[in-house]
Amino acid sequence: MAELIQKKLQGEVEKYQQLQKDLSKSMSGRQKLEAQLTENNIVKEELALLDGSNVVFKLLGPVLVKQELGEARATVGKRLDYITAEISQGKIPDLGEGPGLLY
Amino acid sequence: MELRHLLEAQGPQLPLETGNTDLGNKWPPLETHVLPRAAHRFSPDTSMLRGRCDCLFPAVPGQLRVCFLPALHPAPHGKPLCRKLSSSPRDTLHLDEGLHRKKVDNDYNALQERLSTLPDKLSYNIMVPFGPFAFMPGKLVHTNEVTVLLGDNWFAKCSAKQAVGLVEHRKEHVRKTIDDLKKVMKNFESRVEFTEDLQKMSDAAGDIVDIREEIKSDFEFKAKHRIAHTPHSKPKTSDIFEADFANDVKSKDLLADKELWARLEELERQEELLGELDSKPDTMIANGEDTTSSEEEKEDQNINVHVMHQVTDSVTSSSCYKDVTHSELFSGQMNGIHSMNGSNSYHSNEDDEEDDEEDVGGDNENGNDHDALGVGDYSIPTIYFSHTVEPKRVRINTGKNTTLKFSEKKEEAKRKRKNSSGGGHSAQELPTIRTPADIYRVFVDVVNGEYVPRKSILKSRSRENSVCSDTSESSAADFDDRRGVLRSISCEEATCSDTSESILEEEQEENHPKKLLPLSGTPEAFSGTVIEKEFLLPSLTPHPTMVHPVLPTIPERKEVLSEVSEETTKRVSKFKAARLRQKN
């Protein structure tokens, strides 16, 4: 009788721990997303401050690749949208860049 | 391949870092792409190292790329700031906000300075750091071109001035975030404070709260002393027990008080039985046991209180006073609070009858009072009141999108005029109000030389839009009562308002032919006659279920009034009336 209860208890405890883990994962994912969101917002604003005479680069791995200003703005915008969508979905994002890598 | 080595070595220091922040206040790290420590892996015999600073960014030899880090402007001083700054943004995110802010701010300021001075010379002779231990003499060229890390792996090449602009923008962002953080902190702090107070209060003696108000002795209250409707029910002066207890002897006195209150109640009962006369014109007692209409009396008293509160102007501490008188009234009853200073304290009464008072008190408390939650050294949690004096100003929507700004002065002026024209009942500034009837008498418009009772805002059709805003924030209910239910509508919900209405109804009947309500010797709040008004308008569909009071407009009411005045004392149940009408 007591063993049964104990087993049950154990099961519940495990479930709870699992849930907690999930929660922490989601939380960290959410945090990352939020950080990226802020950052991309800053980038967007700063890109807006630039004019055509500046050359824009993107860091892809070890390489700085030249980009056009308009392209850069568009890409950043797309990335922002992607991030906000992810946040609202509540999913855990990949740690990679996703559509940010497309260009 | 050297390039690759170099850049691979940078891998772990790539600027994009996520997940460090709690509030997403991540700024683009002040990290450079080329760290000194990576540089030392550079094989010294490459063509890059020609004593030129383009080794810093070998991607395009021949051009200086100075990455956007104050550190890497080793500049004329030859003193890199990189040590100080290389890990700054990330690590300090975990630190105290203030510290962090300062640091970042300083960094950005230094950066700005550097950027502003950089284009001064075409090239600088510097000692280029190679790793943690080595430097190499070199030159800083193309001093105006700055590659700025915008964040999220984006770079932009700008002039130094543009870079300054970007720095400004970032600083702004930082500042804003810090301010938000501060707000949040303040929020938390206030919460903590409140919780602490709450804890203190709950730790203190039970659930008894002592509310104190310091009343200045020099203020004049215009409240009128009320007359008891049943003058025989007052307790003897000797029985009114006022105690001045020190707080620390509270417990002891509790017992003594209990006995005393018990005795007092006994005496009161005796008094009723004996019907003793007592002269104490200043205090009014309405004991529950007195008469059957005591409840109504009390209601009226309450209404009276509110009316007086609002009619007699301005010094809203009069509200406090009313409650004080109430407390005087009920001083004969048990309470747990002993620290009374004369008559200047609220009693939290355990009596059920008191609930009205307390609610009233509560309402009035919410008025112009400031209350400071002061947990003093007393064992009883104490709330200290202080009043602000505010002239009562009320906006009344008298239907049809008209608003009356009710101000005491106007009312007084009106009253004066009325008094002078009508040879009023009192030569005072304020009319003596002894009964609720008096109130309605006061609030009377003069139309065509006749006195037309002022229409109640409850009765206006546009009641839904009516706004009765009182600067002192007294409850709307009080105001409604005061505005005078001049007619009874059978569909009113609240019973108390029903009784008051019927009272007023009756009074208004009397009013109608005459100007003044005759003051009987002992004015009764309720003469015992209930007059039901009938709805004669087919448009109004009265429901037996009193869901929503149908509010006719004034002209319609006048019709009804005239009608009713013809069939005066016809008593028809409202349900019956409704049925009758429906039949018709």
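Note on naming: letters A, B, ... go to the chains in the order of the sequence lines (proteins, then strands), and numbering restarts at 1 for each one. Just so it is clear, the values below take in all heavy atoms, side chains as well, and ignore hydrogens, waters and symmetry mates.
By the salt bridge (Lys or Arg N to Asp or Glu O under 4.0 Å) test, A:Glu68 is found to be paired with no residue, residues two or more places apart in sequence or in another chain being considered.
A distance of 10.0 Å separates CD of A:Glu39 from NE2 of B:His173, quoted to the nearest 0.5 Å. Between atom CG of residue B:Leu150 and atom CG of residue A:Asn40 there is a gap of 11.0 Å, rounded to the nearest 0.5 Å. Taken to the nearest 0.5 Å, the CG atom of A:Leu47 stands 9.0 Å off from the CG atom of B:Leu166.
Taking every heavy atom of both residues into account, A:Leu64 and B:Phe155 meet most closely at CD2-CD1, 3.3 Å. In plain terms, the two heavy atoms of B:Cys158 and A:Leu50 that are nearest each other are SG-CD2, 3.9 Å. Among all heavy-atom pairs drawn from B:Gln162 and A:Asn54, the shortest one is OE1-ND2, 2.6 Å.
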Can you give each donor-acceptor pair under 3.5 Å made by side-chain atoms of residues 2-16 of chain A, sequence neighbours left out, with the distance rounded to 0.1 Å?
unit_1, atom_1, unit_2, atom_2, d
A:Tyr16, OH, A:Gln20, NE2, 3.3

